[in-house]
Amino acid sequence: MINDIEADNLNTPDDNPPPVDVDFSHVHPHLDPNPAPSKSRRITIEEVEDEDGTPFSYTGCYFEPQADAGWALHEGETKFKRYRRHQEEEVEDRWLPFEELEEWDLAEWLVKNLGQTRTDEFLKLPIRVDALPCGPGWSCRKVTVRGNKEDEFGAPLEEEVELWSCDPVECVQELIGNPFFKADMAYSPAKAYADRAGQHRVIDEMWMADWWGWWGETQKALPKGATIAPIILSSDKTCLSQFRGDKSAWPVYMSIGNIAKAKRRQASARATILIGYLPASKLDCFTPNARSLAGYRLFHHCMALLLQPLIAAGQHGVEMVCADLLVRRVHPILAAYVADFPEQCLISCCKENRCPKCLVGANERGDSLDSPMRDPESTKEILEMCKNGQHPPEFEENGLRAVYKPFWADLPHANIFLAFTPDLLHQLHKGVFKDHLVKWCIDIAVPNYPGLRHFKKGISTVKQWTGREHKEMQRVFIGLLTGAVPSRVLVVARSILDFSYYAQLQIHTTEMLEALQTTLDVFHANKDILKELAIREHFNIPKLHQLTHYVQSIMLLGTADGFNTELPERLHIDFAKEAYCATNKRDYEEQMTLWLQRQEAVFLRAAYLDWLAQHPLLPAGHAEPRSFDPGFDLDSDSESEEMEAASPNTTSSLVTSKEVTHILAKAPAHPHQARPEVVASGRRSSCPGRFDMALISDMPRSSGLRTLDVAQVHVIFTLPRQFGTYSRALTYIEWFTPFRLPDPSSRLLQVSRSTRHLCRNAAVIHVDEIV
């Protein structure tokens, strides 16, 4: 039995200024508040950069927007503008509640760099950080859990746990109205095509995905012109204690699919925010055999309390000021849930030997089957029948757990089973590749290649695998296996790695998704060779089965790189571990929320001051001109053509060569290494020689097309002074033959050593000829 009591808010201020105003000129076409009927149109969007700095462009895409969604009602005012107007009317100084710039700088440094206790001591001085406006306030609910153990008087033991939460609707208002995200915000879905005829679909952002698949019905169920804010949740229990102790936290994070995925992936952008801490109690009031199920029910009860405001908001909508200063009626609807496999099973109320998305049999997950998807309504009916004492056979057939009230049961227009997103980190990198494929080939050595990670002691001794180790190993793995394993094993390995690389693409087309599915089909067609070689007895692997849902999820929600679980694990540092380190380790959750609230207040004030530098305070009596015209079509064809003509970024900008200069010293540093063998001497251990392979260009880098040849670098050197003042670095290389046709199994281009008169064909070239 679980009861809950709501405690007072820590602080729920009215003003929470979002950060900086930016002009919107790309990413997604806005729709007119009173749009014309939907029609196809060509929209050219300027090039943007992702978080890795790799440019990609929507130039040449053709969009088919949905005209009956995302309508603007009237012009609004962000909290930054409201706060600035308040300061203008009250003739306040920009630094209030601080006396001057130096005092603000001191308070900002204090909150960011000192722990909670020292901050509290310092805040007794007249530096009023707590007087700053902040984000949505934190509240605490006391949840009483009645266990099945009894005390000495025969009464059941009880345990009181705390649920700390922010209002998710207020968090949506903060995200969708943040002027920092104006250039990265979309308010309605659209289909994108690579051709004018609409034959080649492009999938990238969430607003380009198949919202018409199941969101189309949702949009039809909502009032005409309604704006959907697709809620993206993620949760993951994490340990707070570093060296000793068992302190843990269970953060819940939230973002919205209106924001571009490149912005959501940036932890510093605060596009994914913390909305709650779930109880991470051990539940000692239960016996060991009942504790696990009690934990599942407590999770769903607390998640239901946390997300309860989304029910009415999703059904009726809430008027919100958006980042473009226009007011829309927004319906926040749960669309995606980012979690690892055990958490997905917890959320879907199923056992961990079953799939949280479909009804595949417990012993059939290794087969390529098209199993029916789980259905929320039928699942709720089965659980309700079990609650009433009935025993439907579907309960065991579907592998369900006795969680009678899932938190998603009352969320409007939500399908929790379709909401689970691909998990590149745990399912591909750490799962299928590291835990399975690498173990099958664990005795194969890792050679040296230029620019690649060198595993000096082999891969079997790597204790802590990170995303970088996985990716570095994947780059050389096919080369490792070529010639060392049977061709069918090579095909199996290649299909898994091909699937991994296709799944990580930032932009998909229908052809790419077909290729993604084909690689999985190739694996299933050749996997039995591992049984024949006694490497595997079966393929009933949960993470391997999850790959069958990737194409559907990408079509439905957008590319997988927008939902990777690496981001929540990175956010644990900011919102859990650093917050815990700032506490005195007793009653730490309350101190963590207060510390986070102060961090948010300082961040918002800093952003407001940056915004104010671009939009200075106006003298009293002067009003800022308004520009909202309800009759202006922000998505007209003529404006689209003007945008295309005025865009400084064109397709030709993508192929412009870039001059690269290598600055080499006497012992020149270079990415390619040429190092002879070091013989063991005294305490110094031996080290094998390393002579990197390289691609050699026959033309300068500034020229256009060029031919690439393969060579092995043996020495990188500069000429001594007695040979004159020749400053260009040189390298001694040994040539390989030109590329031959790809190997049929590995599909790698083939080369062999080049010889002349039965000797290796060598040359001395300039280092800058190495690509």
Side-chain angles (χ1 to χ4, degrees), residues 296 337 339-379 381-383 386 391-403 406 415-424 426-428 430-437 439-440 488-489 491-493 495-496 498-500 502-503 513-514 516-556 560:
Y296 301 150
Y337 206 119
D340 57 20
F341 180 77
E343 193 116 349
Q344 289 182 4
C345 294
L346 168 64
I347 294 164
S348 62
C349 306
C350 76
K351 299 176 182 179
E352 292 190 13
N353 65 343
R354 306 299 293 267
C355 175
K357 293 177 69 73
C358 72
L359 295 174
V360 65
N363 298 319
E364 298 176 339
R365 289 172 295 174
D367 301 326
S368 181
L369 301 175
D370 187 14
S371 302
M373 301 298 293
R374 293 182 182 269
D375 178 63
E377 294 302 321
S378 61
T379 301
E381 292 176 3
I382 295 170
L383 294 175
C386 291
H391 302 283
E394 295 84 358
F395 181 82
E396 292 295 335
E397 292 173 1
N398 296 352
L400 297 176
R401 295 187 184 273
V403 179
N415 186 329
I416 193 63
F417 306 116
L418 294 178
F420 295 130
T421 60
D423 184 358
L424 297 177
H426 296 98
Q427 292 172 359
L428 275 178
K430 290 185 177 180
V432 175
F433 175 70
K434 185 251 180 179
D435 291 341
H436 299 288
L437 185 60
K439 285 185 178 179
W440 299 338
R488 286 183 64 192
V489 175
V491 171
V492 168
S495 62
I496 290 177
D498 284 349
F499 186 96
S500 176
Y502 274 119
L513 290 175
E514 290 173 1
L516 177 66
Q517 183 61 47
T518 299
T519 60
L520 190 60
D521 295 338
V522 170
F523 168 80
H524 284 293
N526 293 273
K527 64 186 179 184
D528 286 343
I529 184 62
L530 301 176
K531 289 184 178 179
E532 296 171 11
L533 297 175
I535 297 175
R536 289 289 304 180
E537 295 181 359
H538 64 84
F539 295 94
N540 192 32
I541 303 170
K543 293 177 182 178
L544 181 61
H545 168 76
Q546 294 302 308
L547 306 188
T548 62
H549 299 299
Y550 271 46
V551 172
Q552 180 195 41
S553 295
I554 292 172
M555 288 291 296
L556 191 66

Does some side-chain heavy atom of Arg354 sit less than 4.5 Å from a side-chain heavy atom of His545?
no
Can any side-chain N or O of Arg374 pair as donor or acceptor with the backbone N or O of Ile416 at less than 3.5 Å?
no
Any pair counted as side chain to side chain donor-acceptor pair (under 3.5 Å), so long as it reaches residues 525-537, sequence neighbours left out
His524-Lys527
Charged N-O contact under 4.0 Å between Glu352 and Arg401:
no
Residues which pass side-chain hydrogen bond (donor to acceptor under 3.5 Å, both in side chains) with Ser378, listed by chain and number, not counting sequence neighbours:
Asp375
May I have the list of side-chain donor-acceptor pairs in residues 356-365 shorter than 3.5 Å, sequence neighbours left out?
from	atom 1	to	atom 2	distance (Å)
Lys357	NZ	Phe417	O	3.0
Lys357	NZ	Phe420	O	3.1
Glu364	OE1	Gly361	N	3.4
Arg365	NE	Ala362	O	3.4
Arg365	NE	Asn540	OD1	3.3
Arg365	NH1	Asn353	O	3.3
Arg365	NH2	Asn353	O	3.4

Determine the minimum heavy-atom distance between Ala339 and Ile347, stating which atoms define it.
CB-CD1, 4.3 Å
Heavy atoms, side chains only, cut-off 4.5 Å: are Cys355 and Gln546 in contact?
yes
Quick check: do Thr421 and Ser553 have side-chain heavy atoms less than 4.5 Å from each other?
no
Gap between atom CZ of Phe341 and atom NE2 of His426 - 0.5 Å precision:
13.0 Å
Reported CD-to-OG distance for the pair Gln517 and Ser368, which is rounded to 0.5 angstrom
6.5 Å
Distance, nearest 0.5 Å, that separates NE2 of His436 from CD1 of Ile496
9.5 Å
Hey, could you give me the OG/CG distance between Ser348 and Asn398, rounded to the nearest 0.5 Å?
11.0 Å
Quick one: closest heavy-atom pair of Leu428 and Ala503, and the distance?
CD1-CB, 3.8 Å
Answer yes or no: is there a side-chain heavy-atom contact under 4.5 Å between Gln552 and Met373?
yes
Without swapping roles, check the side chain of Ser495 against the backbone of Val492 for a donor-acceptor pair under 3.5 Å.
yes
Quick check for you: to the nearest 0.5 Å, what is the distance between Leu437 atom CG and Leu530 atom CG?
8.5 Å
Looking at side-chain heavy atoms only, is the closest gap between Val491 and Val522 below 4.5 Å?
yes
Rounded to the nearest 0.5 Å, what separates atom CZ in Phe523 from atom CG in Leu547?
8.5 Å
Please say whether more than 12 non-hydrogen atoms of neighbouring residues, nucleotides or ligands are located less than 6.0 Å from OH in Tyr502.
no
Are side-chain heavy atoms of Lys439 and Ile535 found at a separation under 4.5 Å?
no
Does the pair Phe499 and Leu516 meet the rule for a side chain to side chain contact (heavy atoms under 4.5 Å, CB included), with working shown?
CA-CA 6 Å; Phe499 186 96; Leu516 177 66; 3.5 Å; yes
Show, in sequence, the C-alpha distance, side-chain angles and deciding distance for Leu383 and Phe395, and conclude whether the side chain to side chain contact (heavy atoms under 4.5 Å, CB included) test is met.
CA-CA 8 Å; Leu383 294 175; Phe395 181 82; 4.1 Å; yes
Side-chain contact test, heavy atoms from C-beta onward, threshold under 4.5 Å: evaluate it for Leu346 versus Tyr296 and give yes or no.
yes
Hey, is NE2 on His538 packed in by over 12 heavy atoms from elsewhere, all under 6.0 Å?
yes
One pair to check against side chain to side chain contact (heavy atoms under 4.5 Å, CB included): Leu520 and Thr548. What are the steps and the verdict?
CA-CA 8 Å; Leu520 190 60; Thr548 62; 4.0 Å; yes
